[in-house]
Structures are given as structure tokens and as C-alpha cells.
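See below for the structure under consideration.
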Amino acid sequence: MAGPGGRRSTNASQSMRGSRIVFAIVIGILLGCIFAILYPHGLFSGDFYSASQLQSRRRSKSDVQIGSASCESTERVSMLKADIADLSNSNDELKMQVRDLTKKLQAAEQKNGQAEQQVVVVGEPQKAGLFGTVKGIRINPTVLPDETVNPRLAKILEKIAVRKELIVALANSNVKAMLEVSVSSIKKSGISNYLVVALDDGIVDFCKENDVPFYMRDPDEGIDSVAKSGTNHAVSGLKFRILREFLQLGYSVLLSDVDIVYLQNPFDHIYRDSDVESMSDGHDNMTAYGYNDVFDEPAMGWARYAHTMRIWVYNSGFFYLRPTISAIELLDRVADRLSHPPPAWDQAVFNEELFFPSHPGYIGLHASRRTMDRYLFMNSKALFKEVRKDTNLKELKPVIVHVNYHPDKLPRMKAVVDFYFNGKQDALDPFPDGSD
Ligand SMILES: *[C@@H]1O[C@H](CO)[C@@H](O)[C@H](O)[C@H]1NC(C)=O
């Protein structure tokens with residue numbers, strides 16, 4: 001906070017700056033008059049326009065082109081003088097204008113939020129019930145399905161989806177070996193509602209040979225060059241765009257990366273009460289479900305402890321979306337940010353959009369979220385650091401295991417299959433907890 005001395009010197013420097021501005025404008029006008037006489041058709045109108053943008057918004061665009069042929073008019077000159085007089089007060093005025101605009105911006109943001117809410121909160125207003133009995137809205141209404149978005153995909157989904165739900169996995173030939181393990185585990189778990197989005201011909205061939213339901217986008221749908229170039233992160237951006245159509249068609253989607261082994265049918269363990277239901281990168285209850293992390297700054301004395309909220313990120317390689325406006329907005333926001341600089345990791349963007357609240361200059365997403373059970377939807381850190389060493393946890397059968405924490409994905413996936421499906425008790429033993 002600036003003391004009184006600081007404030008005074010700021011004012012002095014501002015008024016000095018102000019008189020410099022006035023001086024510059026007067027010089028400018030004089031030059032303008034000279035050039036207007038020399039070049040009556042106007043060379044400098046653009047320059048003067050930009051200088052004049054500083055002046056009050058009352059003046060119209062035509063007033064501003066003082067450099068061209070208008071100096072002769074004495075009326076105009078006196079108007080300009082008046083404006084210059086105005087300008088000497090304009091420091092304060094400008095500050096007020098900025099303050100006004102900031103207020104208007106905030107009001108607009110607030111209105112925006114209210115308008116959105118009004119769209120979603122339908123139905124009669126109701127009185128709040130008794131203490132302890134009220135529940136806010138978590139389950140947003142689903143969108144009206146729109147088949148015109150993609151009739152070909154609509155036909156495929158009609159055949160494959162069960163209760164308007166399905167697993168969707170994107171794959172190109174770089175990940176074919178993992179896709180093979182993942183798809184065979186899906187089949188072994190008795191799951192029929194899954195679809196591979198084939199990003200190249202190699203995957204189309206694989207799907208045909210192995211009787212795997214697939215969907216290939218039309219090559220003229222624009223974004224497929226990304227799919228073929230195949231870097232992991234480029235494909236990550238693509239998946240948010242592709243999923244949009246599934247939701248628009250009215251289907252719930254369980255997005256699945258290919259480094260995932262299925263051991264049970266996940267649809268038996270989905271709650272369907274939130275826009276987004278996701279597995280966690282957390283490694284214990286606190287990190288997976290959220291906790292109070294205390295930041296300590298001893299120099300603050302009495303107030304040395306600041307409490308913070310922490311939660312390990314949701315895994316953007318395995319999440320369930322209901323077909324709601326909020327879920328679609330999430331996809332749009334993530335895809336949009338990934339398509340612009342600065343380059344960002346899709347999982348970080350996914351989490352930031354999902355969790356950061358509205359604040360001045362930013363309207364946050366209002367989506368409901370649920371963290372999946374971390375032992376049923378298990379990441380590979382939990383499996384290799386904890387579960388395989390614990391005699392009780394070893395008995396538990398997860399729904400999926402996601403080999404997200406380890407680079408040697410394929411051999412670990414095969415070991416997971418051996419351990420849980422083939423009863424090989426020592427299948428997980430050769431692997432270190434982390435990567436070497
Ligand atoms: C972790 O959370 C689960 C589910 O809420 C609970 O059953 C379990 O007791 C918790 N474990 C610990 C160590 O707190």
C-alpha cells in the first residue's frame with residue numbers, strides 16, 4: 001500500500017504526463033493544419049485518429065480527421081480548443097472512465113453467469129426444505145439429441161450403445177499393440193458397447209480383422225491431418241473435438257486411452273449423477289479426493305498458516321461424460337485452448353477448466369464432478385506401489401487398471417492381464433515401483 005507521500009508523487013507525475021500530452025496534441029494540431037494546407041487530400045488522417053482515441057468518447061469519427069481539410073473552419077478550431085481544455089482535466093476523467101468500464105465489465109460478466117443459470121435451472125421456484133434436507137442441482141438435464149450433426153455416426157451408435165452409453169477409444173497405428181491388449185480385455189470382461197475411433201488405415205484393418213466395432217472420420221472433416229501426424233499430444237487435442245459429436249447425438253461417453261486393461265464392466269460402477277466422472281491420478285484417499293494443505297509462512301507470526309485446497313488431477317485418459325451442455329462446454333473450452341498458443345498439456349487444461357472458479361475477467365465452467373473410486377478405477381502407481389504388496393488389496397478386483405504412471409506400458413498391461421485374468425500370482429513382481 002502506498003503511503004501519503006507516495007500518493008502525492010504519483011499525482012505530480014500524472015499531471016506532468018498530462019501536460020506533456022496536451023503539449024503533444026497542440027503540436028499535432030498545428031502540424032495538421034500545415035499539412036492540410038500543403039496536402040489538402042489528407043495524408044495523416046489515420047495517425048490523428050489513433051492519437052485522438054485518447055480523447056473523450058463523445059467525439060464522432062468525422063471530428064477526428066482534423067488533419068485533412070477541416071482546419072479552415074474557425075468553428076472547428078474553437079471546438080478543438082475546448083477539447084484541449086477538456087483534456088487537461090482528462091487524467092481524472094480517464095481514470096473515471098476506466099473505472100466505469102471495469103464496473104460495466106464486471107456487471108456484464110455477472111449478468112452472463114445469471115443468464116446461463118436461467119437456461120439450466122428450469123422448473124418452478126421452490127421453497128428450501130428443512131435443515132439438512134436440501135440438495136442443490138447436480139444432475140443437469142441432457143441435451144436434445146441432434147442427428148443432423150453426424151448421421152453416419154448416429155447409425156453406428158444406435159447399433160452399439162447400450163442404454164445410450166459406450167466406451168470410446170481413439171487409436172492410430174503407433175499404439176496398435178496396446179489397443180490389442182485393451183480391446184481383448186474389454187471382450188473378456190463381456191462388454192459390448194465400445195467403439196474404436198480409427199485414426200488411420202492400419203487401425204481400420206486391425207478392427208476388421210479382429211471384429212472390433214470402429215468408426216473412421218471422413219477425410220474431409222478437416223482435423224484429420226492431426227490424427228495422422230500422430231504425436232500423443234496432438235491426438236489428445238483431437239479427442240475433445242471428436243467426443244463433442246457423441247454428446248450432441250445424445251450419448252454418454254466413457255473416454256478410454258489405450259493403455260487401459262478392463263477387468264469388469266465399468267458401466268456397473270458409474271454413478272451418472274455428474275457432468276464429469278473421472279479417474280484420479282491420486283495415490284491415496286487425500287490426494288485422490290481432496291484435502292486441506294496448510295502453507296506455512298513463519299514470518300507472518302500469528303497468521304503464519306494459510307490453508308489451501310489440493311486435489312491430484314483428474315486423469316484425462318479415462319473419464320465419463322453425460323451429454324449435457326456443461327460437459328460439451330468443457331470439451332469446447334479444452335479443445336479451444338489446445339488449438340491456441342501457448343502450448344499446453346491437455347490434462348492440465350482439462351483440470352484447470354474443470355476446477356478454477358469464476359473470478360474477475362474469467363467465467364469458470366459450472367460442471368458437476370465426481371472422482372471415481374481409486375481402487376476400482378486404479379492407476380498404475382496405486383497398483384505397483386501399494387496394492388500388489390498388500391495381501392488384502394491384492395484380493396480386490398479393480399474395474400480397470402490404467403498404466404498411466406509407467407513408460408513400459410505394454411509389458412505392464414500384459415502383466416496385469418496375467419495377474420487378474422490368468423491367476424499368475426507373481427506376474428506383477430518383476431516390475432519396479434516406478435520407472436528406472
Ligand atoms: C479411503 O476412502 C474409502 C472410501 O471413502 C474408505 O472406505 C476408506 O476407509 C478410506 N481409507 C482410509 C485409509 O482412510
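Counting convention: from 1, in listed order, for ligands and their atoms alike.
Applying the ring pair (Phe, Tyr, Trp, His ring centres under 6.0 Å) definition to pairs two or more places apart or across chains, those involving residues 288-319 are H283-W312, Y314-F355, F318-F377, F319-F350.
With contacts defined as side-chain heavy-atom distances shorter than 4.5 Å, the pair V261/S185 qualifies. The shortest distance between side-chain heavy atoms of V204 and C207 does not fall below 4.5 Å.
At a cut-off of 3.5 Å, with distance as the only test, a side-chain donor of D281 or Q347 sits close to an acceptor on the other residue.
Using a 4.0 Å heavy-atom criterion, the residues that approach ligand 1 are N285.
Distance alone, capped at 3.5 Å, places no donor-acceptor pair between the R310 side chain and the T308 backbone.
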Determine, stepwise, if the pair S189 / N265 fulfils side-chain hydrogen bond (donor to acceptor under 3.5 Å, both in side chains). CA-CA 6 Å; S189 302; N265 190 334; over 6 Å; no
